[in-house]
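To keep things clear, I will list the structure first and then write my remarks on it.
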Amino acid sequence: DSGVTQTPKHLITATGQRVTLRCSPRSGDLSVYWYQQSLDQGLQFLIQYYNGEERAKGNILERFSAQQFPDLHSELNLSSLELGDSALYFCASSTGGGLITDTQYFGPGTRLTVL
Amino acid sequence: AQKITQTQPGMFVQEKEAVTLDCTYDTSDPSYGLFWYKQPSSGEMIFLIYQGSYDQQNATEGRYSLNFQKARKSANLVISASQLGDSAMYFCAMREGRDSGTALIFGKGTTLSVSS
């Protein structure tokens, strides 16, 4: 158990809908990262937050947004869902202390299926 | 260009044998970190081992060791005495730069199958 929690574990929804994925980082970690894993794209970085502020952006679509709250949990919002958004979405956390050794620990993932 | 290359889509090994999973990387940054993660069929990503670009010694964690050859830009994972529970997908990843704000760049992974 990495200490990172994600809910829900599975999500099935229809095209055009909006969903929210939730992540709680390990105790003491200030950084939260979101990744998408799909068969065709592999593991892709979406976005990072550090202590409530957006820190880095990757291949995140405009239909997707995220935030990190004062209690450091994070939510990833996916809207106007398309079939191609079906994937495993991971949240990872790290201390974010600026060291090169900063290891990211992953949550169990949310498997999103868009029908 | 691929930043992380894992050329072995699948590897097969018998229990108790050692296996090496290959990873080559491409960066011009002198400061970087290399990570290996394991993803069993249940889906979670499990951190295994880390190697920093300035580390003089190869990293080891239990049965896992990293064969780090900086000049060749390779960071191969060695699993000694394979167990059935080692069957999983293995990902090599890199983070560049001193600022830990940068994300991990992953390879496409290698599927390891351990048989009895």
Side-chain angles (χ1 to χ4, degrees), chain A residues 1-6 9-10 23 26 29-51 53-60 66 68 87-113, chain B residues 2-7 9 23 25 27 29-57 59 61 64 66 68 70 75 88-111:
Chain A
D1 186 344
S2 66
V4 179
T5 60
Q6 287 187 249
K9 196 164 174 60
H10 300 278
C23 167
R26 293 187 321 155
D29 283 356
L30 297 179
S31 266
V32 168
Y33 304 77
W34 287 97
Y35 291 86
Q36 179 194 60
Q37 186 179 30
S38 61
L39 281 173
D40 52 344
Q41 298 288 334
L43 268 156
Q44 300 258 324
F45 167 66
L46 296 178
I47 197 164
Q48 180 208 357
Y49 280 81
Y50 175 75
N51 204 19
E53 302 284 330
E54 183 184 302
R55 186 80 177 265
K57 231 171 181 176
N59 300 320
I60 188 165
Q68 186 179 28
L88 186 54
Y89 290 84
F90 284 109
C91 167
S93 77
S94 71
T95 58
L99 298 175
I100 197 71
T101 54
D102 194 35
T103 297
Q104 294 178 29
Y105 293 91
F106 282 70
T110 292
R111 186 166 294 282
L112 174 66
T113 303
Chain B
Q2 292 266 15
K3 289 253 184 182
I4 296 286
T5 303
Q6 295 181 253
T7 56
C23 172
Y25 59 92
T27 181
D29 196 322
S31 180
Y32 53 89
L34 296 158
F35 301 80
W36 278 90
Y37 287 84
K38 171 185 177 182
Q39 186 176 36
S41 57
S42 50
E44 72 268 33
M45 293 283 287
I46 302 165
F47 166 69
L48 295 177
I49 195 166
Y50 163 82
Q51 180 85 44
S53 60
Y54 296 117
D55 292 344
Q56 297 295 313
Q57 308 258 25
E61 285 287 348
Y64 303 109
L66 213 151
F68 181 47
K70 197 169 179 177
M89 180 83 98
Y90 289 80
F91 291 94
C92 179
M94 176 174 66
R95 189 184 67 241
E96 296 170 290
R98 295 184 182 278
D99 179 0
S100 68
T102 54
L104 289 170
I105 304 163
F106 283 88
K108 293 191 182 302
T110 295
T111 301

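The sequence lines fix the lettering, A, B, ..., with proteins before strands; numbering per chain opens at 1. The model shown is predicted, which means the values in this text are computed figures rather than measured ones.
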### Task
Would you please indicate if the ring centroids of B/F47 and A/F106 are separated by under 6.0 Å?
no

### Query
Under a 4.5 Å heavy-atom cut-off, does chain B meet the side chain of A/L88, its backbone, both or neither?
side chain

Looking at [atom1] of [X] and [atom2] of [Y], how far apart are the two atoms once the value is rounded to the nearest 0.5 Å?
X: B/R95; Y: A/D102; atom1: CZ; atom2: CG; value: 5.5 Å
X: B/I105; Y: A/Q44; atom1: CD1; atom2: CD; value: 10.5 Å
X: B/I49; Y: A/T103; atom1: CD1; atom2: OG1; value: 11.0 Å

### Message
Tell me whether B/K70 at atom NZ has more than 12 heavy atoms from other residues, nucleotides or ligands lying less than 6.0 Å away.
### Response
yes

### Residues, nucleotides or ligands: over 12 heavy atoms within 6.0 Å of A/R26 CZ
yes

#### Entry: Trace of the side chain to side chain contact (heavy atoms under 4.5 Å, CB included) decision for A/F90 with B/Q39
CA-CA 12 Å; A/F90 284 109; B/Q39 186 176 36; 3.5 Å; yes

### A/Y33 to B/A103 - nearest heavy-atom pair and separation
CE2-CA, 4.4 Å

## Note on the structure
From the list B/F91, B/Y32, B/F35, B/Y37, the residue making the most non-hydrogen contacts under 4.5 Å with chain A is B/Y37

